[in-house]
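The next block holds one structure in the form of structure tokens; read it before the comments.
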Amino acid sequence: MKTVAFYTLGCKLNYSETSTIGRLFQERGFQKVEFTDTPDIYVINTCSVTDNADKKCRKIVKEALKHSPNAFITIVGCYAQLKPKEISEIPGVDAVLGAAEKFQLVDILDGFEKKEKPQVHASAISEANTFHNSYSFGDRTRTFLKVQDGCDYSCTFCTIPLARGNSRSDTIANVVRSAHEIAESGVKEIVLTGVNTGDFGLQEGKRVETFYELVQELDNVTPINRFRISSIEPNLLSNEIIEFVAKSQRFMPHFHVPLQSGSNKILKLMRRRYLRELYADRVASIKSHMPHCCIGVDVIVGFPGETEEDFLETYNFLNALDVSYLHVFPYSERENTMAPGMAGKVSIKDRNRRADMLRILSEKKKRYFYEQNIGREFTVLFEDDVKDGQMEGWTENYVRVVAKYDPVLVNETKHVRLTAVNAEGLMEAEETYVEVLKH
């Protein structure tokens with residue numbers, strides 16, 4: 001029996017796909033092992049959004065060869081689609097598979113026998129037009145369920161449409177079926193993921209269903225206690241979705257909504273599909289229906305043309321918004337996108353300085369959000385990561401709670417009252433003995 005190990009770089013979507021590819025191997029009789037267990041095969045799932053994709057890929061390959069010098073090393077993922085030839089030249093790489101091929105890799109690389117030259121199987125991105133059902137399993141307490149893939153937007157900084165193709169989705173019926181399969185494994189929380197999750201419903205280029213219809217159907221999957229929406233564009237986050245989540249017992253009061261810039265000038269240069277006024281309206285709508293809802297924000301700083309005044313406009317806009325935390329990214333150039341050719345390049349020093357300013361603001365926002373929840377009661381779902389005798393879990397509204405480790409609590413929910421934010425920025429809590437009705 002051949003053994004295989006996996007390594008994932010990047011987003012929740014990549015984790016769901018790695019897990020699914022892992023199950024394909026197991027169905028064919030391969031044994032999944034840890035990265036350090038001298039496997040016969042490595043599958044490395046790459047990302048193109050993070051900085052230094054090439055550097056990170058090379059490092060993982062080098063580490064893999066340290067543990068298993070004779071292993072067959074396969075590279076898949078967004079970076080593999082964008083730069084297949086470049087990756088094939090990394091010492092130790094045996095095969096590179098693009099977006100249209102990665103779910104067929106067990107068939108394509110039949111036997112996983114090393115050849116004189118690396119195998120490259122990467123079709124044009126137009127060939128990646130099929131939706132492949134994916135969800136993570138057995139990796140953590142929560143499961144990431146892919147409902148949508150690809151993107152039809154043309155943001156000037158982004159390579160994702162080149163790496164994943166056009167927007168396409170699973171069907172509602174299939175997603176509901178997957179949710180029931182996941183529930184049977186004992187998982188209590190599902191995170192809905194996609195490249196452009198709110199664009200769910202496109203099948204073969206036609207709008208067949210909608211994301212709003214999807215969340216309505218998933219709300220009836222009673223074995224699952226919690227659903228979260230991983231990320232959704234502000235122009236696709238309709239008031240009907242917000243109002244539905246506010247009333248739902250299963251969809252958690254937590255939204256992650258990309259902003260990218262608080263300057264309308266920069267949003268237009270980025271070719272985003274909204275202006276700051278719409279974003280502010282969405283935040284106001286969420287908070288009016290769910291005052292203690294957690295709202296996360298993606299922001300890019302140092303985009304070409306962003307002056308200090310533009311950045312301060314973003315900073316002040318975010319400072320005034322009732323949001324809970326920021327994911328901050330200094331702009332980094334991507335080949336085959338429009339942004340690198342734009343005027344007004346911002347120095348690396350200024351990009352990093354601006355990112356640091358927003359990260360400090362994020363810490364302040366997060367602490368304020370946590371403090372606003374002290375004294376309130378929530379249900380915490382505890383995870384199985386243990387550090388220094390303590391375990392952590394998440395409230396419905398995404399407050400991270402720390403507690404003394406108790407093996408009985410893993411993947412269980414406890415009703416608690418939040419009491420204080422500790423020195424590490426985690427919430428402490430006390431158990432409240434409220435009878436929680438089980439479905």
In this structure, are over 12 heavy atoms from other groups packed under 6.0 Å from [X] atom [atom1]?
{"X": "Tyr7", "atom1": "OH", "value": "no"}
{"X": "Lys62", "atom1": "NZ", "value": "no"}
{"X": "Lys59", "atom1": "NZ", "value": "no"}
{"X": "Gln390", "atom1": "CD", "value": "yes"}
{"X": "Arg376", "atom1": "CZ", "value": "yes"}
{"X": "Gln203", "atom1": "CD", "value": "yes"}
{"X": "Glu89", "atom1": "CD", "value": "yes"}

Which pair of heavy atoms, one from [X] and one from [Y], lies closest together, and at what distance?
{"X": "Phe72", "Y": "Asp94", "result": "CA-OD2, 3.3 Å"}
{"X": "Arg400", "Y": "Leu426", "result": "CD-CD2, 3.5 Å"}
{"X": "Cys151", "Y": "Val195", "result": "CB-CG1, 3.8 Å"}
{"X": "Ile90", "Y": "Cys57", "result": "CD1-SG, 4.0 Å"}
{"X": "Val221", "Y": "Arg250", "result": "O-NE, 3.5 Å"}

Measure the spacing between [atom1] of [X] and [atom2] of [Y] and express it to the nearest 0.5 Å.
{"X": "Met252", "Y": "Ile229", "atom1": "CE", "atom2": "CD1", "answer": "10.5 Å"}
{"X": "Leu237", "Y": "Thr197", "atom1": "CG", "atom2": "OG1", "answer": "11.5 Å"}
{"X": "His254", "Y": "Cys293", "atom1": "NE2", "atom2": "SG", "answer": "7.5 Å"}
{"X": "Arg272", "Y": "Asn235", "atom1": "CZ", "atom2": "CG", "answer": "7.5 Å"}
{"X": "Leu109", "Y": "Lys115", "atom1": "CG", "atom2": "NZ", "answer": "8.5 Å"}
{"X": "Ile295", "Y": "Met290", "atom1": "CD1", "atom2": "CE", "answer": "8.0 Å"}

Tell me whether [X] is salt-bridged to [Y], with the criterion being a basic N under 4.0 Å from an acidic carboxylate O.
{"X": "Arg367", "Y": "Glu371", "result": "yes"}
{"X": "Glu392", "Y": "Lys387", "result": "no"}
{"X": "Arg177", "Y": "Asp170", "result": "no"}
{"X": "Glu363", "Y": "Lys366", "result": "no"}

With no hydrogens and no angle check, is any side-chain donor or acceptor of [X] less than 3.5 Å from a backbone partner on [Y]?
{"X": "Glu189", "Y": "Asn225", "answer": "no"}
{"X": "Arg228", "Y": "Val191", "answer": "no"}
{"X": "Arg351", "Y": "Phe329", "answer": "no"}
{"X": "Ser16", "Y": "Leu13", "answer": "yes"}
{"X": "Tyr274", "Y": "Leu236", "answer": "no"}
{"X": "Lys83", "Y": "Ile87", "answer": "no"}
{"X": "Asn411", "Y": "Gly186", "answer": "yes"}
{"X": "Gln148", "Y": "Gly150", "answer": "yes"}
{"X": "Arg417", "Y": "Thr432", "answer": "no"}
{"X": "Glu127", "Y": "Ala124", "answer": "no"}

Residues that Phe25 engages under ring-ring contact (aromatic ring centres under 6.0 Å, His included), provided they are two or more places apart: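 Checked Phe25 against ring-ring contact (aromatic ring centres under 6.0 Å, His included); matches are Phe6, Phe30, Phe112.
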Does [X] qualify as a cation-pi partner of [Y], given the criterion of NZ or CZ under 6.0 Å from the six-membered ring centre and within 45 degrees of its axis?
{"X": "Arg23", "Y": "Tyr135", "value": "yes"}
{"X": "Lys365", "Y": "Tyr370", "value": "no"}
{"X": "Arg334", "Y": "Phe157", "value": "no"}

Worked check of side chain to side chain contact (heavy atoms under 4.5 Å, CB included) between Lys146 and Glu17: CA-CA 8 Å; Lys146 182 173 89 170; Glu17 293 184 340; 2.7 Å; yes
Side chain to side chain contact (heavy atoms under 4.5 Å, CB included), paired with Phe211, selected from Asn196, Ile172, Asp199, Ile232: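 When side chain to side chain contact (heavy atoms under 4.5 Å, CB included) is applied between Phe211 and each of Asn196, Ile172, Asp199, Ile232, only Ile232 qualifies.
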Parallel, tilted or perpendicular: rings of His327 and His256 (30°, 60°): tilted
From CA spacing to verdict: side chain to side chain contact (heavy atoms under 4.5 Å, CB included), Phe144, Leu192: CA-CA 6 Å; Phe144 303 129; Leu192 305 181; over 6 Å; no
4.5 Å side-chain heavy-atom contact, Val43 and Val76: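 Result yes, sub-4.5 Å side-chain heavy-atom pair found.
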Asp149/Arg168 under salt bridge (Lys or Arg N to Asp or Glu O under 4.0 Å): CA gap, chis, key distance, verdict: CA-CA 5 Å; Asp149 200 353; Arg168 55 200 184 278; 3.5 Å; yes
Modelled atom types, side-chain donor and acceptor of Thr379 and Thr413, under 3.5 Å: no
Ring center gap for His289 and Phe244 short of 6.0 angstrom: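 Centroid distance His289-Phe244: not below 6.0 Å, so no.
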The single option from Thr18, Thr46, Asn45 passing side-chain hydrogen bond (donor to acceptor under 3.5 Å, both in side chains) against Thr8: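 The residue from Thr18, Thr46, Asn45 that satisfies side-chain hydrogen bond (donor to acceptor under 3.5 Å, both in side chains) with Thr8 turns out to be Thr18.
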Step-by-step side chain to side chain contact (heavy atoms under 4.5 Å, CB included) determination, Phe251 to Arg226: CA-CA 6 Å; Phe251 275 84; Arg226 299 179 171 197; over 6 Å; no
Sequence neighbours excluded - ring-ring contact (aromatic ring centres under 6.0 Å, His included) pairs with any residue from residues 82-109: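 Every ring-ring contact (aromatic ring centres under 6.0 Å, His included) pair that includes a residue of residues 82-109, provided the two are not neighbours, is Phe103-His132.
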Derivation of the side chain to side chain contact (heavy atoms under 4.5 Å, CB included) call for Val93 and Val61: CA-CA 7 Å; Val93 169; Val61 171; 4.0 Å; yes
